[in-house]
**Student:** 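Can you read through this structure? Questions will come right after.
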Amino acid sequence: MESSVYLPLSSNMGWFEDATSHAALERYLKSAVTVFDRVVLEDGRLHLSAGNDGQGMVWNMPGNSFSGDRTAFKPYTKGSAFGVAVGGTPVLRSTSAFSVDVDYMPLVAKAGIQDADFLEWRADSLMPAVKRPVEDLARREIGEGTHDDALPANRYLRSQLLPRYYQDALLSYFLEVPMLLDRSVARLAVSVSETGAGKLTPSLRETAFHAWRALQLPDFGDWEWHDILAFRDSASGRDFRRMITRVSESVASGMAEGAAPDDLRQLASAAIATELVQEIMRRELTLGKIALSVTMNLVPLNLGTIAGTGSELVDLLKQRRSWISVLGYRKH
């Protein structure tokens, strides 16, 4: 079964606020490309400017309608003036407290994967009959302060963020693809789930990947793009994604049996550790002679730490047929 993940524009605008956040998004995208069979990106460019006076402006232009250079990322400077004029007459004028241009094309162009077969660009929108109730719900919850702790203080920004999150969540549901969010919107997703207005369904594969990192195994965000793509297309890369699927199914089974959300990563960590041991035992290697670390980080297991000479691990890594070879993958 093919695994997919969806990155909408509005619910990921936090990644575009400055160069540091944008660099973090690149690491995130590298991981998504490695972990998922298909990565779905919302196509187009979203611009939002918000002033401290409650005024703001927003526009969303589909990719095929954008005439400017979509390959450049330029963070905005807070305090810049913005406005709207009609017939030469200003109807809105303010100073930005928050401004972003949200567009995945700069990173995709940098990676050279615009036409990759695993990447899908979509520009979907909700029908008015579906969109209006969502907007009404968001306005009511903002007025009642339902999510005040999870929304920004800026009035205009919160008036846009909540309804757009709901719309992205619905599109994700209709596409039947889990969506990834920036950190600030993830807090909102938790708040929505806790109030009962929505149902937070974590991306199980993302949970599994975070567990992979918690075991101090390779972080794909550190890799160069050509290494990411080479590993993804290799037999080891395909086997790795199948392994993550098995771990995700294990976590999903735990959820079905009533496991608490806080236990998800622990379940994923245990599943990855089990996969690791089973792969070694399948090759009939001796656990006591295997060191499972390339960077001197040892892999913690419930029964202790596997350590040793590492000679048999090296032989296993050289075979390049199993997902375990990622431990010793040599970047070019």
Side-chain angles (χ1 to χ4, degrees), residues 1-17 21-22 24-46 48 58 60 62-63 100 102-105 107-108 113 116 118-127 130-131 134-135 137-138 147 150-151 160-195 197-211 220-221 241 244-245 248-249 251-252 255 261 264-265 268:
M1 181 178 179
E2 183 183 66
S3 62
S4 303
V5 69
Y6 174 51
L7 278 75
L9 293 173
S10 297
S11 294
N12 283 293
M13 66 175 67
W15 297 115
F16 295 83
E17 189 172 1
S21 299
H22 202 242
L25 172 61
E26 182 173 17
R27 297 176 65 89
Y28 210 51
L29 185 59
K30 286 178 178 179
S31 296
V33 166
T34 307
V35 172
F36 293 92
D37 295 313
R38 181 174 63 118
V39 178
V40 183
L41 301 176
E42 183 178 353
D43 192 13
R45 176 163 295 194
L46 168 71
L48 186 145
V58 62
N60 195 341
V100 289
V102 186
D103 191 340
Y104 295 113
M105 183 58 76
L107 281 183
V108 169
I113 56 175
F118 59 80
L119 203 66
E120 180 178 347
W121 296 91
R122 297 192 67 107
D124 301 281
S125 59
L126 296 175
M127 296 177 61
V130 177
K131 189 175 179 180
V134 168
E135 292 174 336
L137 171 64
H147 307 294
L151 285 170
Q160 295 293 320
L161 192 59
L162 185 57
R164 288 174 177 273
Y165 163 72
Y166 280 145
Q167 291 169 37
D168 287 342
L170 279 174
L171 283 172
S172 173
Y173 173 78
F174 290 135
L175 292 172
E176 297 184 327
V177 179
M179 67 175 179
L180 296 185
L181 315 168
D182 72 38
R183 295 179 182 88
S184 60
V185 180
R187 289 178 59 240
L188 176 60
V190 171
S191 177
V192 168
S193 177
E194 290 175 344
T195 60
K199 174 70 173 175
L200 176 63
T201 304
S203 167
L204 297 180
R205 293 178 74 87
E206 185 186 11
T207 298
F209 180 72
H210 283 304
F220 300 111
R241 291 194 295 277
I244 291 291
T245 295
S248 299
E249 290 171 349
V251 176
M255 291 179 65
L264 287 179
R265 290 193 183 182

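All values reported here derive from a predicted model rather than from experimental measurement.
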**Student:** The test is side chain to side chain contact (heavy atoms under 4.5 Å, CB included); show your working for Leu162 and His147 and say whether it passes.
**Tutor:** CA-CA 9 Å; Leu162 185 57; His147 307 294; 3.9 Å; yes
**Student:** Specify whether Tyr28 and Trp15 have parallel, tilted or perpendicular ring planes, treating 30° as the upper limit for parallel and 60° as the lower limit for perpendicular.
**Tutor:**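 Tilted, since the angle between the ring planes falls between 30° and 60°.
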**Student:** Using 0.5 Å steps for rounding, measure from the NZ atom of Lys30 to the CD atom of Glu26.
**Tutor:**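 The distance works out to 4.5 Å.
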**Student:** Looking at Leu180, is its backbone amide N or carbonyl O close enough to the side chain of Asn12 to form a donor-acceptor pair, meaning the two atoms are under 3.5 Å apart?
**Tutor:**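 Checked: pair present.
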**Student:** Please round to the nearest 0.5 Å and tell me the distance separating atom CG of Leu181 and atom CG of Leu7.
**Tutor:**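 Here the rounded value is 8.5 Å.
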**Student:** Under 4.5 Å between any side-chain heavy atoms of Leu46 and Asp103, yes or no?
**Tutor:**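 No, side chains not in contact.
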**Student:** Does Asp37 offer a backbone N or O that forms a donor-acceptor pair with the side chain of Ser3 under 3.5 Å?
**Tutor:**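 It does hold such a pair.
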**Student:** Atom CG of Leu170 and atom CE of Met127: how far apart are they, to the nearest 0.5 Å?
**Tutor:**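 Taking CG in Leu170 and CE in Met127, the distance rounds to 13.0 Å.
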**Student:** Does Arg187 offer a backbone N or O that forms a donor-acceptor pair with the side chain of Ser191 under 3.5 Å?
**Tutor:**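 Absent.
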**Student:** Mind running side chain to side chain contact (heavy atoms under 4.5 Å, CB included) on Tyr173 and Leu175 for me, showing each step along the way?
**Tutor:** CA-CA 5 Å; Tyr173 173 78; Leu175 292 172; over 6 Å; no
**Student:** Test side chain to side chain contact (heavy atoms under 4.5 Å, CB included) on Leu107 and Leu25; report intermediate values, then the result.
**Tutor:** CA-CA 9 Å; Leu107 281 183; Leu25 172 61; 3.6 Å; yes
**Student:** Are any side-chain N or O atoms of Ser172 and backbone N or O atoms of Val177, one a donor and one an acceptor, separated by less than 3.5 Å?
**Tutor:**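 Checked: pair present.
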**Student:** With rounding to the nearest 0.5 Å, note down the distance linking CZ in Arg183 to OG in Ser21.
**Tutor:**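 Arg183 CZ to Ser21 OG: 7.5 Å, rounded to 0.5 Å.
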**Student:** For Asp124, which residues count as a side-chain hydrogen bond (donor to acceptor under 3.5 Å, both in side chains) partner, sequence neighbours excluded?
**Tutor:**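 Result, side-chain hydrogen bond (donor to acceptor under 3.5 Å, both in side chains) vs Asp124: Arg122.
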**Student:** Mind checking the CG-CG spacing from Leu48 to Asn60? Nearest 0.5 Å is all I need.
**Tutor:**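 Spacing of CG (Leu48) from CG (Asn60) equals 10.5 Å.
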**Student:** Heavy-atom distance under 4.5 Å between the side chains of Val5 and Val40, does that happen here?
**Tutor:**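 Val5 does not reach Val40 side chain to side chain.
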**Student:** How far does CG of Asp182 sit from CD of Glu17, to the nearest 0.5 angstrom?
**Tutor:**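 These two atoms lie 9.5 Å from each other.
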**Student:** Would you tell me whether Asp43 and Tyr104 have side-chain atoms, one donor and one acceptor, within less than 3.5 Å of each other?
**Tutor:**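 Side chains of Asp43 and Tyr104: no pair found under 3.5 Å.
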**Student:** Testing Gln167, Arg164, Gln160 for side-chain hydrogen bond (donor to acceptor under 3.5 Å, both in side chains) with Ser10, which one passes?
**Tutor:**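 So the option named by the test is Arg164.
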**Student:** Under the criterion side chain to side chain contact (heavy atoms under 4.5 Å, CB included), I'd like the reasoning laid out for Tyr6 against Glu176: C-alpha separation, chi angles, the key distance, then a yes or no.
**Tutor:** CA-CA 9 Å; Tyr6 174 51; Glu176 297 184 327; over 6 Å; no
